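By convention in this document, chain letters (A, B, ...) are assigned in the order of the sequence lines, proteins followed by strands, and residues within each chain are numbered from 1. In this text the structure is predicted, and so the values were computed from the model without any measurement.
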There are 4 protein chains.
Amino acid sequence: MRKKDDEKQRCIKTAVVELILKEGFQGASISKIARAAGVSPATVYIYYENKDAMLRDIYQEYAEDTFQYLLESLHPNMAGEQIIEELIRSYYSYIVENEEIFHFVEQFSTCPALQSNCGFMKGPGNLNQLLTELKRRQILNNYSNDNLYAILFSPVKTIAVKKCDSEEAAMDRLDELITIIQKALIRGY
Amino acid sequence: MRKKDDEKQRCIKTAVVELILKEGFQGASISKIARAAGVSPATVYIYYENKDAMLRDIYQEYAEDTFQYLLESLHPNMAGEQIIEELIRSYYSYIVENEEIFHFVEQFSTCPALQSNCGFMKGPGNLNQLLTELKRRQILNNYSNDNLYAILFSPVKTIAVKKCDSEEAAMDRLDELITIIQKALIRGY
Amino acid sequence: MRKKDDEKQRCIKTAVVELILKEGFQGASISKIARAAGVSPATVYIYYENKDAMLRDIYQEYAEDTFQYLLESLHPNMAGEQIIEELIRSYYSYIVENEEIFHFVEQFSTCPALQSNCGFMKGPGNLNQLLTELKRRQILNNYSNDNLYAILFSPVKTIAVKKCDSEEAAMDRLDELITIIQKALIRGY
Amino acid sequence: MRKKDDEKQRCIKTAVVELILKEGFQGASISKIARAAGVSPATVYIYYENKDAMLRDIYQEYAEDTFQYLLESLHPNMAGEQIIEELIRSYYSYIVENEEIFHFVEQFSTCPALQSNCGFMKGPGNLNQLLTELKRRQILNNYSNDNLYAILFSPVKTIAVKKCDSEEAAMDRLDELITIIQKALIRGY
DNA sequence: GATGAATGAGAGTTCATTCAT
DNA sequence: TATGAATGAACTCTCATTCAT
């Protein structure tokens, strides 16, 4: 017998994300995906139970990857402002460097009909732990985790997708945002 | 006669938004929409050129409505902190009260493939004017409009869709968020 | 709006029966059926909920027709031997003249998986009534209806599909069968 | 080594017959059959040339088995009525005890498209010989073999698949059928 | 204006079969 | 021999859209 070919599954994942950026969920049909991935439509069903499961699985993997990416950017004994800067800056660069993946994850997560069938993810829990810990260590102001999370990650998302006139202007804008958020969240700043 | 037409179109709009919340873009077919709206599939094509145009038109109307709703909440001679409070609070209540519409707009606007064909909208321009004016009047700190916009509206969006244990806790969280943002953006706060 | 076209549904029915004789259930795909019927595959779904329902509905109609055909061949005051002769002879000619329909009905009814989802049919009840009545009037021997039914209709089915050397030989064989069954079932023959 | 092969082929045969009873020809795909038989789809092709050949071969084996079973039930010097009783009774019990096989054979043999490709079978010939012999020995009435065959075997088939209220009632019905047929076919009864 | 019938195209999925091990 | 991976073709069914009334 032949062994399952991880390369094939990787191609499928890539094709899904590419196609969904280019054409939206509507245009990402199994046959287009298969063609883009260089496999037969039937092959997709060797790796995923059905289309919904495929999208869900790929979403969850990429979503977890994102959290992983963020948490890995932190070092144990960073100062509070460094932590904030690093989190925001790495999220920003993640979005810029993984535009397709980011948009796929965003589209998926803004669709309640898709989101509702998703299983457990550990990324959010880890981040919550981090935030709680930073408050305990009196690094961050004692705001609710929901608000800390919202302020740390949603504005940067907004500006990362909004194209600037120049690369330089974009950097200035990011620096400014970091400063604003550091002042807002760090204890006794 | 005029009356009846508008009624049908309203039904279609409502059906679209409902269905897309419940089933996502994938499940919102013309025939389902027509059935939910109580009209014939052919009737949809009297009011809209085709499906894409329909979604785009409905999106644009609702998106403009949202900006309109926000700007209407402001009174000419409010203090800076009141302006911020009011913008955030009304956006929050708009999301909560128009859950279906909000999700439809969000899904649409996170999909580059859809977004790209959208025409001109005046809401963003008006808001930009407002922010520029508030900076000129030295009410807001002199941050870039992108950042002001991002901090004002994206965190509230994040928390508005994240269900809280109780209504009360949600209100506390919202109050907290408003305070954080007021401190961050208002000059000399 | 257009009105439903009964002609179309008739074409579909005919095509189904033809194709199933020629290619068996396996070869009777919706697209082949549609092509043979001169309609679009989608049109089939206007007249039938799905493929299973289509086959079931068509089967039930034809099966009822058969019973109807048999019962209509009888006149009120026939003698017992005439009744038997007529039932057997008309079933025989029905099979010969409606070969396609007969084979479709037979294939369907020998498949438990299909048969199990079938609804109520009134033909069998009517025939049972007839048999019971003929026993009450002391025309037929007092055998169980199951046996009467089995002897009356299954041997003729068997010989009707078994081709003979000549038309004449087939008729002789049929006459012989009728005589055998008359002797076996008619009281005091 | 030989042993193991036969075991696999037996599993496949059993799986085919089971699946076709449960789901009909439509639902009996090679992969389902393989799964039910506990082998790989590819393995099926070691034992059978292709799907059609597989069904045909299995059908022919089982069909021949049935004839064999019937003829084996007879003893050389049975009286005419015993022969008839034994043939009918053993066919009846065969059907009841081998429900799946019986239905598979029936479905197959009522489908002209399948039947047409079948090769030579010796069972029917043997039975014809027997009937001819019984007529020559003046045990059976001098009816055509087709009619003798039809009356002997098709009514019992009909009642064997028609469930009765009780086991006892079924036996009574069978006894009655035997009597009717004995009277109808045995010379000078 | 409004409709349900009608459709070709294409959706997701499974098929019988072959390949590589 | 025996396998699970792989596939192009074909499956059932729904789609967005148009037609005829």
Side-chain angles (χ1 to χ4, degrees), chain A residues 1-6 8-9 26-35 38-55, chain B residues 1-2 4-5 8-9 26-35 38-55, chain C residues 1-6 8-9 26-35 38-54, chain D residues 1-2 4-5 7-9 26-35 38-55:
Chain A
M1 66 135 173
R2 239 178 257 172
K3 280 187 67 183
K4 262 195 198 179
D5 186 348
D6 278 359
K8 282 206 165 60
Q9 183 157 22
Q26 317 247 37
S29 72
I30 293 284
S31 39
K32 281 188 197 169
I33 290 165
R35 203 175 312 126
V39 301
S40 155
T43 303
V44 174
Y45 290 87
I46 293 171
Y47 295 94
Y48 300 100
E49 196 191 332
N50 55 41
K51 198 191 178 186
D52 281 0
M54 178 188 73
L55 294 177
Chain B
M1 230 347 150
R2 197 80 178 80
K4 206 180 166 200
D5 298 354
K8 279 206 164 59
Q9 184 156 20
Q26 318 245 38
S29 73
I30 292 284
S31 36
K32 281 188 196 168
I33 289 165
R35 203 175 313 128
V39 302
S40 156
T43 304
V44 175
Y45 289 84
I46 294 168
Y47 295 97
Y48 300 100
E49 197 191 332
N50 55 39
K51 196 189 177 187
D52 282 359
M54 179 187 73
L55 293 177
Chain C
M1 64 133 176
R2 239 180 257 173
K3 280 185 69 182
K4 263 197 197 174
D5 187 347
D6 278 358
K8 282 205 166 59
Q9 183 157 19
Q26 317 246 39
S29 73
I30 292 285
S31 40
K32 281 189 196 168
I33 290 166
R35 203 174 314 124
V39 301
S40 154
T43 304
V44 174
Y45 291 87
I46 293 171
Y47 294 94
Y48 300 100
E49 198 189 333
N50 54 42
K51 198 191 176 186
D52 282 0
M54 179 188 73
Chain D
M1 227 349 144
R2 196 81 178 78
K4 208 180 164 202
D5 299 353
E7 179 66 10
K8 279 207 164 58
Q9 184 157 20
Q26 318 246 34
S29 73
I30 291 284
S31 36
K32 282 189 196 167
I33 289 164
R35 203 175 311 127
V39 301
S40 155
T43 305
V44 175
Y45 289 84
I46 294 168
Y47 295 97
Y48 299 101
E49 196 193 332
N50 56 39
K51 197 191 178 186
D52 282 359
M54 178 188 73
L55 293 177

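In this structure, CD of Q9(C) is placed 10 Å from P of dA6(E), rounded to the nearest angstrom. Between the NZ atom of K32(D) and the P atom of dT17(E) there is a distance of 16 Å, rounded to whole Å. Rounded to whole angstrom, the span from the CD atom of Q26(D) across to the P atom of dT14(E) amounts to 16 Å. Look at CG on N50(D): it is 17 Å from P on dC15(E), rounded to the nearest Å. Rounded to an integer number of Å, the gap from CD1 of I33(D) to C1' of dA16(E) is 11 Å. The CD1-C1' distance, from I30(C) to dG8(E), rounds to 16 Å in whole Å.
Contact record, I33(A) with A28(A): CD1-O, 3.7 Å, taken as the closest heavy-atom pair. Among all heavy-atom pairs drawn from S40(B) and A34(B), the shortest one is C-CB, 3.8 Å.
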- Carefully, step by step, assess D52(D) and Q26(C) under the rule side chain to side chain contact (heavy atoms under 4.5 Å, CB included). CA-CA 11 Å; D52(D) 282 359; Q26(C) 317 246 39; 5.5 Å; no
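For the pair S29(C) and dA10(F), the criterion of a side-chain N or O lying under 4.0 Å from OP1 or OP2 is not met. Close to dA6(F), at under 4.0 Å from its OP1 or OP2, lies a side-chain N or O of K8(A). The shortest distance between the side-chain N/O atoms of S31(C) and the OP1/OP2 oxygens of dA10(F) is not below 4.0 Å.
In DNA chain F, the stems built from three or more successive Watson-Crick or G-U pairs (distances below 3.5 Å) are E:2-21 with F:2-21.
Near-neighbour residues of DNA chain E inside residues 38-49 of chain A, defined by a heavy atom below 4.0 Å, number-ordered: A42(A), Y45(A).
Side-chain atoms of K51(D) never come within 3.5 Å of backbone atoms of I30(D) as a donor-acceptor pair (strictly under, hydrogens ignored).
Remark: M54(A) CE to Y45(A) OH distance equals 7.5 Å, nearest 0.5 Å.
The listed nucleotides are dT3(E), dT17(E), dC13(F); the one nearest the side chain of K51(D) is dT17(E).
Here A53(C) pairs with E49(C), N50(C), R56(C) under the side-chain contact (heavy atoms from CB on, under 4.5 Å) rule; sequence neighbours left out.
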